[in-house]
**Student:** 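First the structure, which I've put down as structure tokens, then a few questions once you've had a look.
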Amino acid sequence: MVAKSLRLGFSCLCFMALTGCSSQMFSASPAVPEPAKPAAALPMTLSQQPQPTKIALLIPLSGGLENAGKAIKAGFDASYASSSFHPAVAVYDTSQGDITSIYQKAIQDGANYVVGPLDKSKVTELEKSGQVRVNTIALNDADGNNIVPHLFQFPLSPTDEAQQVANKAAAAGYRTAILITPSGSWGETIAQSLRAQWQHDGGVVSQSLSVNNDENLKEKIQGLTAHADVIFLVARPSLAREINPLLPNTIPVYGTSLIYTGLLDSAKDKNLNGIKFGDEPLVIDQDGRWSMVRQQLTLSQPVFVQQYIRLYGLGYDAAQLTQNLSALNSGINGATGQLSLGSDQHIVRKLSWAIFQKGIPTEVN
């Protein structure tokens, strides 16, 4: 389903081929996170950003990523539907042709803002092309660490999420952890990121375990003998539902958004009870703005868009950013998180938090 060149940094449904991710979708984070650079270090200060008159939306609208692209467009359109500002929008299918040529065509057509592309390899190609001429909000991050004028990278990064999980547990006072991650290179990439942040925060990993659905999970979980005061569980929903009931109920469990599909299913998710995890406000907000946006999504969009709710949120926030990019100076309450500008022109998301109770994610402060 997913083209080999795609290496997205998504949550949950976007793992395992956007409902299950390949090992190519991730790039390693630095061993120790770098402190954020001030926005003043950028080639153009955010206060100088122009208003868009015509936006080019560069997304896949055919091939294996067609539904992903349509979910982003649905979120983008919904954001502008709730705004009094309505610039012209032209959509370009990035599944058809070379990304640099598509980008140049969009600029020739009069776009003074670009949103996309989504595919990690295409973002990397664009970063290296030397062709970025207008404000461009890429919906992933590039392999390189170059600062390119006008190029802002906005990924839904699982390694960033892993670091926030480590931060959250450290802030709660935990110091000794068991780390459980999926087998394979992508699981190890996330494990490395979480472990590095945990150690940076003063924590110790007493034992690590990589697992998959084909193994005797009960035997492997019972083999955990190390003492710990917290467990980090990084697994997609089906695997997490098998693992969590096998864990000692005396040790708190923290996870990333990967453990939740994003759609309510209390009958199945009761096996996730007690797990605290970080996710998009759009997914877990219970009675605020994002809860209403989610309800509208449920009422107005087909099931396949609902299944890509986090990509819908990405499109929604990308539209918000085109309307007021300079608001990143003070922070934006986005569908995907609290947004701010980090180092090397990456847009950083601060997640919301929830805990599973009776199979339902309940938002917590």
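Atoms considered below: every heavy atom in the structure, side chains included; atoms not considered: hydrogens, waters and symmetry mates.
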**Student:** Taking atom CD of Gln320 and atom CG of Leu325, what is their separation to the nearest 0.5 Å?
**Tutor:** 12.0 Å
**Student:** What distance separates Glu188 CD from Arg195 CZ, expressed to the nearest 0.5 Å?
**Tutor:** 5.5 Å
**Student:** Rounded to the nearest 0.5 Å, what separates atom CZ in Phe232 from atom CD1 in Ile178?
**Tutor:** 11.0 Å
**Student:** Go through the steps to decide whether Tyr103 and Thr136 satisfy the test side chain to side chain donor-acceptor pair (under 3.5 Å), and finish with yes or no.
**Tutor:** CA-CA 10 Å; Tyr103 185 92; Thr136 300; 2.7 Å; yes
**Student:** Taking only residues two or more places apart in sequence, or in another chain, which ones meet Pro117 in a side-chain contact (heavy atoms from CB on, under 4.5 Å)?
**Tutor:** Thr94, Ile99, Lys122, Val123, Leu126
**Student:** Restricting to non-hydrogen atoms, name the atom on Pro361 and the atom on Ile284 that form the minimum distance, rounded to 0.1 Å.
**Tutor:** CB-CG2, 4.4 Å
**Student:** May I ask you to decide if Gln286's main-chain N or O and Ser291's side chain share a donor-acceptor pair within less than 3.5 Å?
**Tutor:** yes
**Student:** Looking at Leu258, is its backbone amide N or carbonyl O close enough to the side chain of Arg236 to form a donor-acceptor pair, meaning the two atoms are under 3.5 Å apart?
**Tutor:** no
**Student:** Is a side-chain N or O of Asp143 found less than 3.5 angstrom from the main chain of Thr124, in a donor-acceptor match?
**Tutor:** no
**Student:** How are the rings of His86 and Tyr80 set to each other: parallel, tilted or perpendicular (split at 30° and 60°)?
**Tutor:** tilted
**Student:** Examine the side chains of Asn167 and Gln164 and answer whether a donor and an acceptor come within less than 3.5 Å of each other.
**Tutor:** no
**Student:** So, using salt bridge (Lys or Arg N to Asp or Glu O under 4.0 Å) as the criterion, who are the partners of Lys220 when residues are at least two apart?
**Tutor:** Glu215
**Student:** Is there a donor-acceptor pair under 3.5 Å between the side chain of Ser206 and the backbone N or O of Ala177?
**Tutor:** yes
**Student:** According to the salt bridge (Lys or Arg N to Asp or Glu O under 4.0 Å) rule, which pairs have a member within residues 352-365, sequence neighbours left out?
**Tutor:** none
**Student:** Per the side-chain hydrogen bond (donor to acceptor under 3.5 Å, both in side chains) rule, what does the pair list look like for residues 172-183, sequence neighbours excluded?
**Tutor:** none
**Student:** To the nearest 0.5 Å, how far apart are CG in Asn244 and CG in Leu217?
**Tutor:** 12.0 Å
**Student:** Tell me, please, which residues at least two apart from Tyr113 pass ring pair (Phe, Tyr, Trp, His ring centres under 6.0 Å).
**Tutor:** none
**Student:** Side-chain contact test, heavy atoms from C-beta onward, threshold under 4.5 Å: evaluate it for Arg349 versus Asp160 and give yes or no.
**Tutor:** no
**Student:** Between atom CG of Leu139 and atom CD1 of Ile347, what is the distance when rounded to the nearest 0.5 Å?
**Tutor:** 9.0 Å
**Student:** Looking only at non-hydrogen atoms, find the nearest pair between His150 and Val132 and report the distance.
**Tutor:** CB-CG1, 4.0 Å
**Student:** Sequence neighbours left out, what passes ring pair (Phe, Tyr, Trp, His ring centres under 6.0 Å) with Phe154? Give chain and number order.
**Tutor:** none
**Student:** Suppose the criterion is salt bridge (Lys or Arg N to Asp or Glu O under 4.0 Å): which pairs have a residue in residues 95-115, not counting sequence neighbours?
**Tutor:** Lys105-Asp109
**Student:** Taking atom types as modelled and ignoring hydrogens, do the side chains of Ser62 and Gln96 form a donor-acceptor contact shorter than 3.5 angstrom?
**Tutor:** yes
**Student:** When the aromatic ring centroids of Phe277 and Phe356 are compared, is their separation below 6.0 Å?
**Tutor:** yes
**Student:** For Trp353, give me all partners under ring pair (Phe, Tyr, Trp, His ring centres under 6.0 Å), at least two apart in sequence or on another chain.
**Tutor:** none
**Student:** Closer than 3.5 angstrom, by distance alone: can the side chain of Asn140 be matched with the main-chain N or O of Pro155 as a donor-acceptor pair?
**Tutor:** no
**Student:** Do Ile59 and Val91 pass the side-chain contact (heavy atoms from CB on, under 4.5 Å) test, and can you show the C-alpha distance, the side-chain angles, and the key distance before you say yes or no?
**Tutor:** CA-CA 7 Å; Ile59 50 176; Val91 183; 4.1 Å; yes
**Student:** Taking only residues two or more places apart in sequence or in another chain, which ones pass salt bridge (Lys or Arg N to Asp or Glu O under 4.0 Å) with Asp269?
**Tutor:** Arg241
**Student:** Taking side chain to side chain donor-acceptor pair (under 3.5 Å) as the test, write out the residues that go with Gln357, two or more places apart.
**Tutor:** Thr362
**Student:** Which pair of non-hydrogen atoms, one from Ala106 and one from Leu58, has the smallest distance, and what is that distance?
**Tutor:** CB-CD1, 4.5 Å
**Student:** Establish, yes or no, whether a centroid distance under 6.0 Å links the rings of Trp198 and Tyr254.
**Tutor:** no
**Student:** Do the side chains of Phe304 and Leu264 join up, straight or via other hydrophobic residues, at under 4.5 Å, putting them in one cluster?
**Tutor:** yes
**Student:** Between Gln345 and Val148 (side chain of the first, backbone of the second, donor and acceptor by atom type, cut-off under 3.5 Å), is there such a pair?
**Tutor:** yes
**Student:** Of the non-hydrogen atoms in Val234 and Leu194, which two are nearest, and what is the gap between them?
**Tutor:** CG2-CD1, 4.2 Å
**Student:** Taking Asp285's backbone N and O only, do any of them form a donor-acceptor pair with Arg294's side chain (distance below 3.5 Å, no angle check)?
**Tutor:** yes
**Student:** Quick one: do the Gln197 and Asp201 side chains pair a donor with an acceptor below 3.5 Å?
**Tutor:** yes
**Student:** Would you give the length of the straight line joining atom CG of Asp287 to atom CE of Met292, rounded to the nearest 0.5 angstrom?
**Tutor:** 9.0 Å
**Student:** Mind checking what makes ring pair (Phe, Tyr, Trp, His ring centres under 6.0 Å) contact with Tyr312, not counting sequence neighbours?
**Tutor:** none
**Student:** Name all pairs fulfilling the salt bridge (Lys or Arg N to Asp or Glu O under 4.0 Å) condition that reach into residues 54-81, sequence neighbours left out, sorted by first residue then second.
**Tutor:** Glu66-Lys70, Lys73-Asp77
